Protein chains: 2
Amino acid sequence: MAIPRAARTQRRTRIQEAKEEQILEAALDVFSVSGFRGSTIDQIAEVAGMSKPNLLYYFRTKEAMHRALIDRVLFTWLEPLKAFDAEGNPESEIRSYIRRKLEMARDFPRESRLFANEMLQGAPHVEDELKGPLKQLVDEKAEVIRTWTKAGKIAKCDPYHLIFSIWSTTQHYADFDVQVRAVLGQEHAGAGRFEDAARFLEQLFIDGLKVKPVPDAS
Amino acid sequence: MAIPRAARTQRRTRIQEAKEEQILEAALDVFSVSGFRGSTIDQIAEVAGMSKPNLLYYFRTKEAMHRALIDRVLFTWLEPLKAFDAEGNPESEIRSYIRRKLEMARDFPRESRLFANEMLQGAPHVEDELKGPLKQLVDEKAEVIRTWTKAGKIAKCDPYHLIFSIWSTTQHYADFDVQVRAVLGQEHAGAGRFEDAARFLEQLFIDGLKVKPVPDAS
DNA sequence: TGTAATGTTTACCAATCGGTCAAATTATCA
DNA sequence: TGATAATTTGACCGATTGGTAAACATTACA
């Protein structure tokens, strides 16, 4: 008799790992486009090339699939921000953060859309992670930025809104990809649009955060 | 006998107008959170306080509701960009554009989310509008910005990505509201967050677009 | 007032939804 | 090999989906 997945022993066989991978890959395809409510197990099953009951053998509910997917993606998604180094040069730190986030928007657009969908729906499945680990990480990095401003290395600014603006501008190229392509038109919507975006955003954030000459310095 | 809505004469009674308004208001509530696929007519009917067949008397299908909603919202949504004036002062034009977009994110977050949902799903219902009227409007305003850069009024930059970045940063406060609130925490997530955002974004874009001193001017 | 058009609702439909079950198939290994 | 456990599937369930039909209620107006 088949053992329900949740009660299984901790050790997972290769085939289990492969199948779960296969399912989550398909689930990412579907959830990232239609959101949780708009996605169906049948859709995921078809993309995964498996029967619906077979999916439900590995993940007992649709929510379990979504949850597993979010958990896995959340970790890697926050990696770039963790790399933010207090000891580094602010300018190059910000520059490389923008670069990395843009690369992720280019290489992992589905992951970006998965989160965007979740946020739009009010984050019913990840609100705890937002208020917990995410807030903690951002608080920490905001403090780093604040030391930079206090040391006069970058212009005085709200560190939280700085982070928000980097998030939004970079993820925009994943989440609003259709719009970006449509507006740029066929001639400029090629692969080069990420390079163009990188150039613009680096200029914007680097120059926008340069310390301004004080009217009266003495 | 009831006449199907599509075949009705052009003149709409007050009650028709009121009911359609009431339905679209409810539809905005639902579609903006769950997207097209994730929303149900029953949900909209409940929010609107009407029976499902009654909704379908005014809009024959779920798609008709969505389409009517998009059409109505799209117009007002693009208003701020239209106000972009070539004759005006670039700095104040950009500043007030950011202000207006932020006000819209604050006052009409559902409209913002409705579009965001549509974009995430690949804009299956509005792709024509994107490639047509939207692209045309952005092209026009990009040309305005280009004249500013050529006149040396603002730093040289890609006008399209400038517009994208203003869109993304401002709409972020509507679309990712949950995340913003969670990260800011209870103490800073009050109504003041829009003022903080405005201050930061104005600084970022104004300073980031200031003409830089050329190393060798002569 | 009467009557025809407009508006609303109850009951219902076929299709699809998330999920279960038991039988069938395949892998594991003594 | 055989037997046991793991995996896969077709058939199916009740609930929900988008949408319809027709009876009923209300309004507009001559």
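Numbers restart at 1 for each chain; the letters A, B, ... are given by sequence-line order, proteins then strands. Worth saying up front: this structure is predicted, and the values here are computed from it rather than measured.
No option in A/Glu21, A/Glu111, A/Glu25 other than A/Glu21 meets the salt bridge (charged side-chain N to carboxylate O under 4.0 Å, His left out) test with A/Arg72.
Here D/dG18 presents its C1' atom at 12 Å from CD of B/Glu63, a figure rounded to the nearest Å. In this structure, the CZ atom of B/Phe59 is 15 Å from the C1' atom of C/dG7, given to the nearest Å. Per the geometry, CD belonging to A/Glu20 stands 13 Å off C1' belonging to D/dT7, to the nearest Å. In this structure, CZ of B/Arg60 is placed 8 Å from P of D/dT20, rounded to the nearest angstrom. What separates CE of B/Met65 from C1' of D/dG18 is a distance of 10 Å, to the nearest Å. Taking atom CG of B/Asn54 as the reference point, atom P of D/dT26 lies 13 Å away to the nearest angstrom. If you measure from atom NZ of A/Lys19 to atom P of C/dT26, you get 13 Å, rounded to the nearest angstrom. Atom pair B/His66:NE2 and D/dG19:C1' shows a separation of 18 Å (rounding to whole Å applied).
OP1 or OP2 of C/dG7 has at least one side-chain nitrogen or oxygen of B/Tyr57 nearer than 4.0 Å. Between B/Tyr58 and the phosphate of C/dT8, there is a side-chain N or O to OP1/OP2 separation shorter than 4.0 Å.
Near DNA chain D, defined here as any heavy-atom distance below 4.0 Å, the residues from residues 23-51 of chain B are B/Ser39, B/Thr40, B/Ile41, B/Asp42, listed numerically.
Closest to the A/Pro53 side chain, of the nucleotides D/dT8, D/dG10, D/dT20, is D/dG10. Looking at the side chain of A/Lys52, the nearest of the listed nucleotides D/dT8, D/dT7, C/dG19 is C/dG19. Nearest nucleotide to the B/Leu56 side chain, out of D/dG19, C/dT6, D/dG10: D/dG19. Here the side chain of B/Gln16 is nearest to one of C/dG19, D/dA6, C/dG7, namely C/dG7.
In the interface, the side chain of B/Lys62 is not paired with the base of D/dG19 through any donor and acceptor atom under 3.5 Å apart.
Side chain to side chain, B/Tyr160 and A/Asp196 fail the donor-acceptor criterion of an N or O pair below 3.5 Å.
Every residue meeting the ring-ring contact (aromatic ring centres under 6.0 Å, His included) condition with B/Phe84, not counting sequence neighbours, appears here in chain and number order: B/Tyr97, B/Trp148. A/Phe194 pairs by the ring-ring contact (aromatic ring centres under 6.0 Å, His included) definition with nothing, not counting sequence neighbours.
Taken from CG in B/Leu81 to CZ in B/Arg100, the straight-line distance is 10.0 Å, to the nearest 0.5 Å.
A donor-acceptor pair under 3.5 Å is formed between the side chain of A/Asn117 and the backbone N or O of A/Ser32.
In summary, A/Arg106 and A/Glu103 do not engage in a salt bridge, as defined by a charged side-chain N under 4.0 Å from a carboxylate O.
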